[in-house]
Every structure is written in structure tokens, then in C-alpha cells.
Amino acid sequence: MTGRASKTIRVETLARVEGEGSLYIKLMGERVADVKLKIYEPPRFFEALLRGRHFSEAPDITARICGICPIAYQMSAIHAIERALNIRIDPSVRLLRRLFYCGEWIESHTLHVYMLHAPDFLGCQDVIEMARDHRAVVERALRLKKIGNRIVQLLGGREIHPISAAVGGFYKVPTKNQLREMVDDLEWALEASLETVRWTGTLEFPDFEQDYEFVALRHPDEYPFNEGRLVSNRGMDIDAAEYEDHFVEQHVKHSNALHSVVRGRGSYLVGPLARFNLNFDKLPEVAQKAASEAKLRPPVKNPFRSISVRAVELVFACAEALRIIREYEPPALPRVEVANRAAVGQAITEAPRGILYHRYAIDDKGLIIAAKIVPPTSQNQKRIEDDLREYAARLVAWPQEEATWKCEQAIRNYDPCISCATHFLKLTVERAEADGL
Amino acid sequence: MAGRLRDLGVEAETRTGEASELLEAWRGADHVVLVDAVETGAPAGTVWRWEGWQINFPTRRSTSTHGLGLSEAITLARVLDRLPHRLRIYGIEGRQFEPGTEVSPEVKLAVEEVVRQITME
């Protein structure tokens with residue numbers, strides 16, 4: 001009788017709050033018997049919290065969902081409500097919102113590329129070990145991230161829990177001089193981002209490609225942040241208002257979170273790879289050139305190469321921030337007064353880790369009667385499971401610890417917001433031999 | 001707490017606790033005091049005090065998917081020679097960490113106690 005290896009890979013969170021997320025993979029021989037990814041979703045709590053609150057409170061309440069991407073939550077909330085109430089904003093306000101998003105992408109992508117993802121590729125336990133051997137690289141990351149923070153702080157009105165963005169515009173807008181003071185830093189950041197693309201291009205990537213449905217916003221004139229139609233490489237081309245006709249959230253037994261799928265098709269991928277593949281032609285020349293030099297050409301189907309694609313998006317965010325600052329004239333009307341009326345509105349914006357959908361129903365007093373929030377990680381959740389189903393089958397012969405680390409790295413390709421309350425994951429690998437199974 | 005300290009003339013800021021931000025926040029400062037909520041199993045409101053140069057964190061593979069916190073900030077600062085000359089950490093034992101829950105009376109009292117100790121430093 002030939003024994004067949006049965007291996008269980010379990011990635012469990014040790015949460016500060018409760019058991020929000022975990023990964024369970026069972027391998028039987030070379031076959032993946034089971035993959036279960038559980039993710040806790042704070043937005044569910046916030047959907048209930050929003051009911052009965054005035055629409056003007058939604059941006060600040062939803063910004064609390066995520067400590068890393070509060071701007072994304074503010075932007076989706078603001079645009080959904082403005083679409084509901086048919087608000088037209090000053091063109092300079094629109095530019096400032098793009099600049100605000102540039103700041104968040106710089107912060108978030110730098111954190112993920114350098115401090116969370118790169119250690120995997122360098123064989124380092126974490127960024128602390130990486131700092132011992134690659135001190136200059138970590139110093140570069142800290143300076144880059146600080147520049148993103150500075151943009152967010154200036155437009156958000158304060159360091160944490162930004163409060164300046166509002167339905168209709170901004171409570172306070174920067175002067176031309178305040179923005180111009182950031183030019184030197186951003187020029188340095190642009191060079192550092194180009195170096196980031198070159199540096200990530202030297203990393204070794206596993207040979208792993210999948211046939212994804214990529215989903216991202218697409219705008220006729222620009223790389224997407226706040227506006228555009230939702231498109232995919234399988235022919236989808238819809239308005240945000242049609243989102244719930246095309247995507248469905250499914251309950252799965254093993255998780256209290258909902259799995260989002262394309263109706264009639266299945267899992268899909270949102271985030272940097274999707275944006276890059278669907279909007280390469282909208283990247284500025286400097287970012288396209290950097291991508292080409294790093295041998296990144298759409299469609300990139302290897303999720304491990306997302307680290308390089310994030311670096312290309314860093315180049316874009318720095319170049320775009322510089323463009324906006326050079327063109328900026330303070331808005332004549334920083335904030336439009338918005339009257340209460342009953343309406344429903346939806347919006348999708350591009351959070352650093354993918355599309356973020358918000359829908360609000362508002363009554364005639366301006367109170368929210370229903371809110372729906374679909375964050376990028378819950379949209380990628382099923383796709384992460386599908387990747388692991390393929391990838392884990394290659395890991396049967398790997399030593400226990402490395403197999404687990406590899407699986408975790410595969411999850412990290414998606415920069416998942418498993419829970420902002422979850423500070424780290426504890427990995428447990430169980431191995432067993434089973435005969436004749 | 002930051003507001004209470006500022007009212008008393010102490011330079012104080014609220015931070016997310018994300019490691020790289022903390023490193024930047026204390027850059028160039030000689031004497032830094034950090035205050036954070038902790039969960040060790042002790043009664044709510046228990047006040048802990050550690051010194052930055054001597055505090056040790058459990059060795060574990062840092063496998064965060066989303067961020068690095070206070071312990072990583074201190075360890076990374078040691079590696080990059082960015083630890084303030086004097087770093088004191090106050091931990092206030094919390095009871096409930098769920099979103100939307102109120103601060104317990106025990107924790108409110110502990111906040112006042114830590115404010116008192118910081119202003120005496």
C-alpha cells in the first residue's frame with residue numbers, strides 16, 4: 001500500500017479583538033482537498049452604524065473602517081452621496097481629491113511593497129531583519145512613506161482620522177504655496193519610486209500564472225482613482241449603479257464574511273494587477289517606461305509580480321501628484337452646500353488594494369436609511385482561495401515551515417486588509433500521513 | 001489623553017501606532033513617552049510602565065498582512081539607531097476593544113493617573 005501525504009496548512013490570526021481571519025488548506029497527496037479563508041469584515045458593523053446618521057457624517061464614519069486607507073472610504077462615500085444628490089463640484093476640488101488619493105497610494109503601496117511584501121522575497125523574517133541587511137532600502141521606504149503622509153495630512157486636515165474632505169468638496173483647501181512646498185520632496189519620491197521598480201525587478205518570482213478576470217475602473221483620460229466605468233478583461237463595462245446586478249455576495253459556511261463573485265462566472269481580481277492590465281495606456285510615460293524596463297507588460301498574470309506593479313503605481317502616484325501641484329489653482333468654491341432630499345447613489349473608487357463600492361439610500365431629511373459597503377479584500381477573497389488551491393498543490397514536497405510561509409506570501413500578493421484590528425498572523429502547519437485515502 | 005496633556009502644557013500627539021509613522025514622529029526627540037492600550041489579562045485600568053531600552057517583545061515571525069505596530073517600531077528603531085535617548089512606555093489595560101464601545105470608568109481613572117505621572121516627569 002502506498003501512503004499518500006496528507007498535509008494541513010493552517011494560518012490563524014491571533015487577534016487583539018476576536019478570531020477574525022484564518023487560512024486552512026488541506027492537501028491529500030498532490031490534490032488540494034480543501035481551502036478555507038476566513039476574513040472578518042468591519043464594514044458590516046459600519047453599515048448598521050450608518051443607518052439613521054446624516055449623510056454628511058458618512059465620510060468621517062467610514063474613514064474609521066481602515067487605518068491604512070481612510071481616504072478610499074471617504075472618497076467612495078462622498079462620491080456615492082454626490083451621485084445620489086446630483087452634486088457638481090469645482091474642477092479644482094476634483095484635482096485635490098486625486099492628489100489626496102495619490103498621498104494614500106504612496107503611503108499604502110510603500111508600506112506594503114517594502115515593509116510587508118519585500119521581506120518574503122529576500123528571505124527575511126520581517127522588515128526588522130531586512131533593515132539589518134538592507135538598511136538603505138528601509139530608510140528609503142520610510143522617507144517615501146513620510147511624503148505620502150504629508151500629502152494626506154495637508155489635505156485631510158490632520159495626521160490621523162482625516163476630517164477635511166466632505167460631501168460637496170473640502171472644508172479647507174491648501175494654498176498654492178503649501179502645495180509647492182512639497183515639490184522637492186515629490187521629485188525625490190518620483191526618483192525613489194523609479195528605483196523601487198528597478199529594485200523589485202531584481203527579485204525572484206515563482207513561476208505561477210492564472211487566468212484571471214481582472215476588474216477595475218477605467219476612465220477615458222486618466223489612470224483611475226475616483227471615476228470611470230467598471231470594466232473587465234471578459235467584456236464587463238458597467239456604471240457603478242449596475243454593480244449589484246453584476247456582482248453577488250455569497251454566504252459560505254466556513255466564514256461569516258461574504259464572498260463576492262461575478263454573477264454567473266465566479267472569482268475575480270481587483271487591485272494593482274487589474275488596474276495596470278486594464279489601464280496601461282493611461283499611465284504617464286514615465287511609469288510606462290519604468291514598467292517596460294522591468295519587463296512588465298500587460299497582461300501580467302503572475303500575482304507575485306504585484307510587488308513590481310505596485311512600484312509602477314508608486315511612480316504614477318508621484319508623477320500625478322507633481323502634475324496636479326503644478327496645475328493647481330485654489331477652487332473658487334471649495335465646498336458646495338448640499339440640500340437634503342430622498343435619493344439613492346452608488347460609487348466605486350480605487351482603494352490601493354482595489355475597488356471599493358459604496359451605496360447609500362437617503363431620506364428627505366438627509367438621513368441614511370440603508371448603506372452597503374463592499375471592500376476590495378472581500379472581493380479578492382474568493383480569488384485568493386482559488387490561487388491557493390492551485391499554488392498549494394505545488395507545496396507537498398516542501399518543508400512544513402516553508403510551505404506555510406509560501407502560502408502566506410501568496411495571500412500577501414493581494415495586500416489584504418484582513419482586519420485592521422488584527423496585528424499579526426500566527427502560522428501553524430500540521431502534517432500527517434494517511435494510507436490509502 | 002493627548003488633549004489633556006496639551007492643556008497641561010505637554011507637547012502631545014495622537015498617532016495611529018503604525019511603525020514607520022512612530023519612527024518619524026519621534027525623530028530628533030530626546031525624551032519620548034508613549035501611551036497605548038494593552039491587553040495582558042490584568043484588570044482593566046492597570047497601568048504598566050516600561051523603558052524603551054529594556055523592553056523585549058516575544059520573538060515571532062512578523063506576519064502582519066496589513067501593518068506594523070508599536071513593538072515593530074521600537075525594534076526597527078533599535079536596528080536603524082533611531083531610538084530616542086529616553087523612551088518610556090505606559091500601557092493601560094483595556095477591557096473592551098470592539099468598535100463603538102465606551103471607555104470603562106477604570107480606564108478613565110487610569111488615564112488620569114498616567115497624565116499625572118507624565119506631567120511629573
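Bear in mind the structure is a predicted one, so any value in this text is a computation, not a measurement. Chain letters run A, B, ... following the sequence lines, proteins first, then strands; residues in each count from 1. Just so it is clear, the values below take in all heavy atoms, side chains as well, and ignore hydrogens, waters and symmetry mates.
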Open item on the list: Working to the nearest 0.5 angstrom, can you tell me the gap between A:Lys146 NZ and B:Ser20 OG?
Closed with: 11.0 Å
TODO: Side chain from CB out, backbone as N, CA, C, O: work out which of these in A:Glu107 comes under 4.5 Å of a heavy atom of chain B, or both, or neither.
DONE: side chain
TODO: For side-chain contact (heavy atoms from CB on, under 4.5 Å), just list the numbers for A:Asn149 and B:Glu21, CA-CA rounded to whole Å, side-chain angles, deciding distance to a tenth of an Å, and then say yes or no.
DONE: CA-CA 8 Å; A:Asn149 288 3; B:Glu21 280 186 37; 3.2 Å; yes
Open item on the list: To the nearest 0.5 Å, what is the distance between CD1 on A:Ile128 and OG1 on B:Thr75?
Closed with: 4.5 Å
Task: Verdict with reasoning, B:Glu72 to A:Asp126, per side-chain contact (heavy atoms from CB on, under 4.5 Å) - done: CA-CA 9 Å; B:Glu72 288 87 356; A:Asp126 52 28; over 6 Å; no
TODO: Please flag which part of B:Arg82 lies under 4.5 Å from any non-hydrogen atom of chain A: side chain, backbone, both or neither.
DONE: side chain
- [ ] May I ask you to check whether over 12 heavy atoms, not counting those of B:Trp48, lie within 6.0 Å of atom CH2?
- [x] no
Task: Distance in Å, A:Arg135 CZ paired with B:Asp81 CG, rounded so as to fall on 0.5 Å steps - done: 4.5 Å
Open item on the list: Using a 6.0 Å cut-off, check whether atom CD of B:Glu51 has over 12 heavy atoms from anything other than its own residue.
Closed with: yes
- [ ] Measure the NZ-CD distance between A:Lys145 and B:Glu18 for me, rounded to the nearest 0.5 Å.
- [x] 3.5 Å
Open item on the list: Using the rule given for side-chain contact (heavy atoms from CB on, under 4.5 Å), can you reason through A:Val138 versus B:Val79, listing the C-alpha separation, both sets of side-chain angles and the distance that settles it, and then say yes or no?
Closed with: CA-CA 11 Å; A:Val138 175; B:Val79 174; over 6 Å; no
Open item on the list: So for B:Leu23, is it side chain, backbone, both, or neither that comes closer than 4.5 Å to the heavy atoms of chain A?
Closed with: side chain
